[in-house]
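Just below is one structure, and these are the notes that go with it.
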Amino acid sequence: MPRQPLYAQIEDALALRIRDDLRPGDRLPTEDELIQQFAVSRITVRHAIQNLAARGLVVVEQGRGTFVARPRIEQQLTALTGFVEDMEAVGLGASARVTTSEVRTADREAAAALGLPAGGKARFIERVRLAEGHPVSFDQTWLPEEIGARVASEDLSEEPIFRLLEDKYGIPLIEATYRLEAIVADGGLAARLETEPGAPVLRIARTTYTTGQRPIDYELLHYRGDLISFATRLTREPPA
């Protein structure tokens with residue numbers, strides 16, 4: 001049987017160490033330490049690390065080092081749920097860090113989603129959503145101001161907007177439209193999600209409706225692509 005290339009041997013050794021000895025978030029040895037430990041070249045070490053990153057076992061953060069990746073959170077796209085409900089479903093504690101809450105002129109997409117006239121005002125709220133204290137999503141939320149002013153007065157670091165709308169204000173959430181696309185993080189988004197510029201991000205544009213097909217909430221949800229996966233189950237209509 002042919003001998004494995006050196007980079008593959010190092011990859012296997014580190015993968016075994018990750019499985020048996022390390023925890024998510026732990027830092028791997030530096031390139032220089034690995035070069036010394038395995039007596040190989042820098043390019044060989046980098047090849048091994050790149051393969052581990054491609055397998056989703058590590059995350060390379062420029063200027064900081066290489067860290068054991070956190071397991072992906074699988075989110076089911078089978079019902080209308082909020083972030084807190086999604087995290088609770090997989091046994092993770094959820095919280096939020098509010099970075100913006102103000103009245104703004106709604107942009108074209110938000111105005112169209114909420115049925116506002118051009119130049120209409122709405123409440124704009126930005127939050128970093130955390131699972132067990134780690135950033136998972138950056139949410140930009142637009143609300144009609146008659147509701148948004150009430151929402152903004154609440155402690156949004158602990159209270160999810162969906163729960164406030166339904167349980168406190170008696171506004172039923174009936175259905176939502178979703179549009180999902182893959183983007184890469186720019187510098188600002190990367191800083192909020194504590195990842196690297198250029199990192200993969202899954203962006204969902206979601207409009208939520210209450211009774212009478214009235215739009216009540218428009219959001220852009222930016223999920224870290226290395227931490228979240230989405231799953232659904234589809235049925236096929238019988239041929240006509």
Side-chain angles (χ1 to χ4, degrees), residues 7 11 14-15 18 24-28 30-31 42-43 45-77 81-84 86-87 90 92 94-100 104 106-113 124-142 161 176-208 217-232:
Y7 71 82
E11 178 186 344
L14 292 175
I18 290 168
D26 283 351
R27 189 175 184 277
L28 265 63
T30 66
E31 283 187 2
R42 189 173 303 277
I43 194 169
V45 165
R46 288 183 175 174
H47 196 164
I49 295 297
Q50 288 168 0
N51 284 1
L52 290 171
R55 291 166 59 182
L57 295 179
V58 302
V59 175
V60 180
E61 298 186 9
Q62 195 68 33
R64 295 191 62 225
T66 302
F67 300 85
V68 178
R70 301 184 185 281
R72 285 179 185 264
I73 302 164
E74 184 173 280
Q75 181 175 328
Q76 299 294 320
L77 288 182
T81 55
F83 181 85
V84 171
D86 295 331
M87 296 304 105
V90 293
L92 298 176
S95 59
R97 187 163 61 238
V98 180
T99 59
T100 304
R104 286 189 183 180
D107 62 27
R108 184 175 61 183
E109 290 79 12
F124 180 66
I125 298 171
E126 292 184 318
R127 293 167 295 165
V128 178
R129 311 303 296 274
L130 310 163
E132 300 295 334
H134 300 286
V136 171
S137 177
F138 176 63
D139 297 359
Q140 297 173 304
T141 302
W142 294 88
I161 291 176
T177 59
Y178 280 70
R179 187 177 71 251
L180 190 152
E181 62 181 327
I183 64 170
V184 295
D186 61 18
L189 182 55
R192 290 175 171 89
L193 291 175
E194 296 181 13
T195 187
E196 293 296 306
V201 170
L202 297 170
R203 180 168 68 183
I204 294 176
R206 179 173 71 189
T207 305
T208 302
D217 176 291
Y218 172 69
E219 296 176 285
L220 288 175
L221 315 174
H222 304 83
Y223 287 92
R224 281 184 52 155
D226 60 331
L227 295 183
I228 285 280
S229 65
F230 295 100
T232 190

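At distances below 3.5 Å, not a single donor-acceptor pair connects side-chain atoms of R27 with backbone N or O atoms of V68. Judged by distance alone, the side chain of H222 and the main-chain N or O of F138 form a donor-acceptor pair under 3.5 Å.
In this structure, E11 and A48 approach most closely via the heavy-atom pair N-CB, 3.9 Å. In terms of heavy-atom proximity, L227 sits nearest to P135 at CD1-O, 3.6 Å. Of all the heavy atoms in F83 and A131, the pair that sits closest is CZ-N, 4.5 Å. The two residues Y218 and T207 come nearest to each other via the heavy atoms CD1-OG1, 3.3 Å.
Looking at heavy atoms from C-beta onward, E109 lies out of side-chain contact with W142 at the 4.5 angstrom threshold. Contact check for T177 versus R179: no side-chain heavy atoms found under the 4.5 Å cut-off. Between T232 and Q76, every side-chain heavy-atom pair lies at or beyond the 4.5 Å cut-off. Two residues are said to be in side-chain contact when any heavy atoms from C-beta on lie closer than 4.5 Å; R42 and E31 meet this criterion.
The structure places CD of E219 at 4.0 Å from CG of D217, a figure rounded to the nearest 0.5 Å. The CD1 atom of I161 sits 4.5 Å away from the CD1 atom of I125 when rounded to the nearest 0.5 Å. The structure places CG of L92 at 10.5 Å from CG of D86, a figure rounded to the nearest 0.5 Å. Remark: E74 CD to I228 CD1 distance equals 10.0 Å, nearest 0.5 Å. Rounded to the nearest 0.5 Å, atoms CZ (F124) and CD (Q140) are 4.5 Å apart. How far CG of L14 is from OG1 of T66: 9.5 Å, rounded to the nearest 0.5 Å.
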Show your reasoning for whether side-chain contact (heavy atoms from CB on, under 4.5 Å) applies to I73 and M87. CA-CA 8 Å; I73 302 164; M87 296 304 105; 4.0 Å; yes

Between I49 and L28, is a side-chain contact (heavy atoms from CB on, under 4.5 Å) present by the stated rule, with each step listed? CA-CA 10 Å; I49 295 297; L28 265 63; 4.2 Å; yes

Please lay out, stage by stage, how V84 and R129 fare under the test side-chain contact (heavy atoms from CB on, under 4.5 Å). CA-CA 9 Å; V84 171; R129 311 303 296 274; 3.8 Å; yes

Step-by-step side-chain hydrogen bond (donor to acceptor under 3.5 Å, both in side chains) determination, T141 to D139: CA-CA 6 Å; T141 302; D139 297 359; 5.6 Å; no

Begin with the C-alpha distance, continue with both residues' side-chain angles, and end with the deciding distance and a verdict on side-chain contact (heavy atoms from CB on, under 4.5 Å) for V58 and F67. CA-CA 5 Å; V58 302; F67 300 85; over 6 Å; no

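Taking Y223 as the reference, F230 meet the ring-ring contact (aromatic ring centres under 6.0 Å, His included) condition, with sequence neighbours excluded.
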Listing, residues 189-202 side-chain donor-acceptor contacts under 3.5 Å, not counting sequence neighbours, or none:
from	atom 1	to	atom 2	distance (Å)
R192	NH1	G188	O	3.3
E196	OE1	Q62	N	3.4
E196	OE2	Q62	N	3.3

